[in-house]
There are 2 protein chains.
Amino acid sequence: MEKDVLTKFPRPSVTVDTVIFTLKNKDLKVLLIKRSLEPFKDKWAIPGGFVRVDESLEEAAKRELEEETGVKGVYLEQLYSFGDVKRDPRGRVITVAYFALANSDSIILKPSTDAYEAEWFSISKLPPLAFDHKTIMEYALKRLRWKFEYTTVAFSLLPKKFTLGSLQEMYEIVFARKFDKRNFRKKILSLDILEEGEIMKDVPHRPPQLFSLKKEVGIGKIVEIVKL
Amino acid sequence: MEKDVLTKFPRPSVTVDTVIFTLKNKDLKVLLIKRSLEPFKDKWAIPGGFVRVDESLEEAAKRELEEETGVKGVYLEQLYSFGDVKRDPRGRVITVAYFALANSDSIILKPSTDAYEAEWFSISKLPPLAFDHKTIMEYALKRLRWKFEYTTVAFSLLPKKFTLGSLQEMYEIVFARKFDKRNFRKKILSLDILEEGEIMKDVPHRPPQLFSLKKEVGIGKIVEIVKL
DNA sequence: ACAAAAGTGTTGAGAGTACACCCATGC
DNA sequence: GCATGGGTGTACTCTCAACACTTTTGT
């Protein structure tokens, strides 16, 4: 009797789709895969797949992410669930979207196979996307900017040790605007979330101070990084 | 062939659960229903139900909400999706949680039936909850406070015309602290989101100015209402 | 007259913004 | 010596926070 209620209703399929951001060549990029099957054959899509019965939503997202990028331990958070009746022409499919931030140095993309091609796209030059993935992408970008403004997630896109210059450059890429160098540095340092490391060597200019995020701060902490 | 992929994986059940907040007797309340069936028989739970194949997630949440409270047109937004493997002992059930804000004057609770009882609980005196509903509730409360701080959603809990006093009282209830009257009024008025209405009559004290939210502002707009 | 809530201004502290030049290194 | 990013301070403005008394009405 208890289980009856679960079988009484037709069940939708559930997928997870993960928008994976990285920073490459001074540009903000997302990973897309080219579909090799109908529907939307040869269109680009956000990587994802079906949730298995023995894994949680987050586990599913992590598994798919690792399958696609060979990377573990990236920053991952749930974005939103999309469940319009007709979002997938094959039938009723609800997707739980995630967004991830990966340091591009640590990513080893699986080589493209017959089954699919994967490629990094600049967010300013996205191709047409399958399903409702354009909506998901817009949602992810909004969330990314918000997270950059109010939390420490940005540091997950940088190596452990970084310069204030590279941090500022990253913010300028994500917000597509310049910040005043003195004000930016003053603001970041006043947050008391960084600790000094060594001085970088062998650079063709004045050697910069390296910083790292204080261990006790952690990724994702809310701190109002940038007040525009 | 296209449909094969949907049947290849066992499909989970999908529900929507909606945390419905209201303001009653100077207290922040949520609507809970008492379960009449196992599992968790006689425990209190967040109202919800299964998503039908022919309705979107939001439509499902609206339908359930109307069934429970007889109210349409309340503020409703998606909260988060919870999908731990063992969150429901009956089997794999993923729930998409919503949160809603309803003006208590406009709510007509369905009378309790054999099937279930519904009751408003003060958020400071919640009973033990079924499933993972405690987690969902905590999540909803966090989101509520955030939304009050940064957006205009609060106005959906008030009648169309309200006094600054009642607005401040509501904020004090939600944040469980006092605000300075002069600073609060100054801040709200400086946002330029209100318009003046009549003067309230027949009150046993100085008659207050009534205000309403400017039509062009709308519920949910981001404005940094309160900077604590 | 008194109870009850409405209404009203000023000041000091801290944060945000605008702005320009010198520094240390590799080549 | 020159190209390249790194590093630094001040003055103005604006917002936030603290704080107490008078007004208008109904009873």
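Letters A, B, ... mirror the listed sequences (proteins, then strands); counts begin at 1. Remember, it's a predicted structure, so these values are computed and weren't measured experimentally.
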Integer-rounded Å distance: [N] [atom2] and [X] [atom1]:
{"X": "B:Lys181", "N": "D:dA17", "atom1": "NZ", "atom2": "P", "result": "18 Å"}
{"X": "A:Ile199", "N": "C:dG26", "atom1": "CD1", "atom2": "P", "result": "13 Å"}
{"X": "B:Asp192", "N": "D:dT15", "atom1": "CG", "atom2": "C1'", "result": "17 Å"}
{"X": "A:Glu172", "N": "D:dG5", "atom1": "CD", "atom2": "C1'", "result": "13 Å"}
{"X": "A:Ile225", "N": "C:dA15", "atom1": "CD1", "atom2": "P", "result": "16 Å"}
{"X": "A:Lys178", "N": "C:dA18", "atom1": "NZ", "atom2": "P", "result": "16 Å"}
{"X": "A:Leu167", "N": "D:dG6", "atom1": "CG", "atom2": "C1'", "result": "14 Å"}
{"X": "B:Ile188", "N": "D:dC16", "atom1": "CD1", "atom2": "P", "result": "11 Å"}

* Picking from C:dC19, C:dG26, C:dG7, which would you name as closest to the side chain of A:Arg182? ->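 When the side chain of A:Arg182 is considered, C:dC19 is the closest of C:dC19, C:dG26, C:dG7.
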OP1 or OP2 of [N] less than 4.0 angstrom from a side-chain nitrogen or oxygen of [X], does that happen here?
{"X": "B:Arg185", "N": "C:dG7", "result": "yes"}
{"X": "B:Arg206", "N": "C:dA4", "result": "no"}
{"X": "A:Lys187", "N": "C:dA15", "result": "no"}

* Asked: Once the angle between the rings of B:Tyr150 and A:Tyr150 is folded into 0 to 90°, is it parallel (under 30°), tilted (30 to 60°) or perpendicular (over 60°)?
  ->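 Plane angle between 30° and 60°, so tilted.
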* To do: Evaluate the criterion side-chain hydrogen bond (donor to acceptor under 3.5 Å, both in side chains) for residue pair A:Glu77 and A:Tyr75; output intermediate values, then yes/no.
  => CA-CA 7 Å; A:Glu77 78 171 44; A:Tyr75 178 81; 2.3 Å; yes
* Which residue lies toward the 5' end of DNA chain D, B:Asp180 or A:Gly165, if each is placed at its nearest nucleotide? ->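 The answer here is A:Gly165.
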* Report yes or no: is the cationic atom of A:Arg177 (NZ for Lys, CZ for Arg) under 6.0 Å from the centre of the six-membered ring of A:Phe179, at an angle within 45° of the ring normal? =>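 Flagged: A:Arg177 positioned over aromatic ring of A:Phe179.
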* To do: Tell whether A:Lys186 reaches the base of D:dT10 with its side chain through a donor-acceptor pair below 3.5 angstrom.
  =>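 Under the 3.5 Å cut-off, the side chain and the base do form a donor-acceptor pair.
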* **Validation row, ring centre A:Phe155 to ring centre A:Phe162 under 6.0 Å** =>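 Yes.
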* Asked: Is any side-chain N of the basic residue among B:Lys62 and B:Glu58 closer than 4.0 Å to the acidic one's carboxylate O?
  ->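 Here B:Lys62 pairs with B:Glu58 in a salt bridge, since their nearest N and O are under 4.0 Å apart.
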* How do B:Asn183 and B:Thr163 order along DNA chain C: which one's closest nucleotide is nearer the 5' end? ->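 First, find each residue's nearest nucleotide; the 5'-ward one identifies B:Thr163.
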* Asked: Which sits closer to the 5' end of DNA chain C, A:Ser190 or B:His205, going by the nucleotide each is nearest to?
  ->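 Of the two residues, B:His205 wins.
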